[in-house]
Trainee: 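One structure, pasted below without further comment.
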Amino acid sequence: MSDEPRTPLTERLLDLAVEYRSGAAVVRATGEIDLSTAPRLAETLAEQPGTVVLDLTRVAFLSAAGVQAMLDVRARGRELRLVAPPGCRANRVLDLAGVTSVLTRYESVCDAVAP
């Protein structure tokens with residue numbers, strides 16, 4: 001559990017919805033992943049069993065704190081698949097951070113959950 005308090009503002013900035021498809025936990029993020037919301041993302045990702053698919057399609061802003069939350073999942077030996085189709089705002093940060101060399105990026109959730 002994160003020590004960061006949940007506030008009405010951070011709840012509005014980032015919405016996280018989880019569903020399970022084809023044996024994977026699909027976490028759909030909507031809004032902003034920044035220093036104030038990254039702890040909640042990290043907590044949600046860590047709670048999921050098995051393969052985790054993080055859908056960044058509706059993310060308007062992604063900071064280094066969000067990237068670190070993703071890398072932490074990978075560092076714990078978990079499989080994390082990113083959904084960031086062409087035109088997705090998160091792609092620029094993912095490319096600049098160089099994380100796509102260690103985290104696989106998919107164009108759709110269907111592609112990411114396919115065996």
Trainee: For the residue pair Asp34 and Phe61, establish whether any side-chain heavy-atom pair is separated by less than 4.5 Å.
Mentor: yes

Trainee: Check the pair Leu103, Leu71 against side chain to side chain contact (heavy atoms under 4.5 Å, CB included), reporting the backbone distance first and the verdict last.
Mentor: CA-CA 8 Å; Leu103 297 173; Leu71 291 173; 4.2 Å; yes

Trainee: Measuring from atom CD1 of Ile33 to atom CD of Gln68, what distance do you get when rounded to the nearest 0.5 angstrom?
Mentor: 13.5 Å

Trainee: Closer than 3.5 angstrom, by distance alone: can the side chain of Thr30 be matched with the main-chain N or O of Arg58 as a donor-acceptor pair?
Mentor: no

Trainee: So, do Val99 and Met70 sit near enough that their side-chain heavy atoms are less than 4.5 Å apart?
Mentor: no

Trainee: Passes side chain to side chain contact (heavy atoms under 4.5 Å, CB included), Val59 versus Arg89? Steps please.
Mentor: CA-CA 7 Å; Val59 169; Arg89 291 184 180 187; over 6 Å; no

Trainee: Starting at CG of Leu82, measure out to SG of Cys88 and round the result to the nearest 0.5 Å.
Mentor: 9.5 Å

Trainee: Using modelled atom types only, decide if a donor and an acceptor are shared between the side chain of Asn91 and the backbone of Pro85 within a distance under 3.5 Å.
Mentor: yes

Trainee: Please name the pair of heavy atoms, one in Ala46 and one in Arg76, separated by the smallest distance, quoted to 0.1 Å.
Mentor: CB-NH2, 3.6 Å

Trainee: Does Val53 share a hydrophobic cluster with Val18, counting links as ILVMFWY side-chain heavy atoms below 4.5 Å and allowing steps through other members?
Mentor: no

Trainee: If you round to the nearest 0.5 Å, how far is CG of Leu16 from OG1 of Thr37?
Mentor: 8.0 Å

Trainee: Side chain to side chain contact (heavy atoms under 4.5 Å, CB included) with Arg105: which of Leu56, Val83, Asp95?
Mentor: Asp95

Trainee: Measure across Ala25 and Pro49 and return the closest heavy-atom pair with its distance rounded to 0.1 Å.
Mentor: CB-O, 4.3 Å

Trainee: Hey, is CZ on Arg21 packed in by over 12 heavy atoms from elsewhere, all under 6.0 Å?
Mentor: yes

Trainee: Under the side chain to side chain contact (heavy atoms under 4.5 Å, CB included) criterion, do Asp55 and Val27 qualify, and how do the steps go?
Mentor: CA-CA 6 Å; Asp55 184 357; Val27 178; over 6 Å; no

Trainee: Check whether any side-chain N or O of Arg81 sits under 3.5 Å from a backbone N or O of Ala112 as a donor-acceptor pair, and report yes or no.
Mentor: yes

Trainee: Got a second to check how far Leu41's CG is from Glu32's CD, nearest 0.5 Å?
Mentor: 13.5 Å

Trainee: Looking at every heavy atom in both Ala42 and Ala69, which two are closest together, and how far apart are they?
Mentor: CB-CB, 3.9 Å

Trainee: Please report the C-alpha distance between Val52 and Glu79 in whole Å, then the side-chain angles of each, then the deciding distance to 0.1 Å, and finally whether the side chain to side chain contact (heavy atoms under 4.5 Å, CB included) criterion is met.
Mentor: CA-CA 6 Å; Val52 179; Glu79 184 177 4; over 6 Å; no

Trainee: Should Leu14 and Val26 be counted in the same cluster of Ile, Leu, Val, Met, Phe, Trp and Tyr side chains packed under 4.5 Å apart?
Mentor: no

Trainee: Could you tell me whether a side-chain N or O of Arg28 sits under 3.5 Å from a main-chain N or O of Asp15, the two making a donor and an acceptor?
Mentor: no

Trainee: Do the non-hydrogen side-chain atoms of Ser63 and Val93 ever get within less than 4.5 Å of each other?
Mentor: no

Trainee: Please tell me whether Val73 and Leu94 are part of a single hydrophobic cluster in this structure, the criterion being side-chain heavy atoms less than 4.5 Å apart.
Mentor: yes

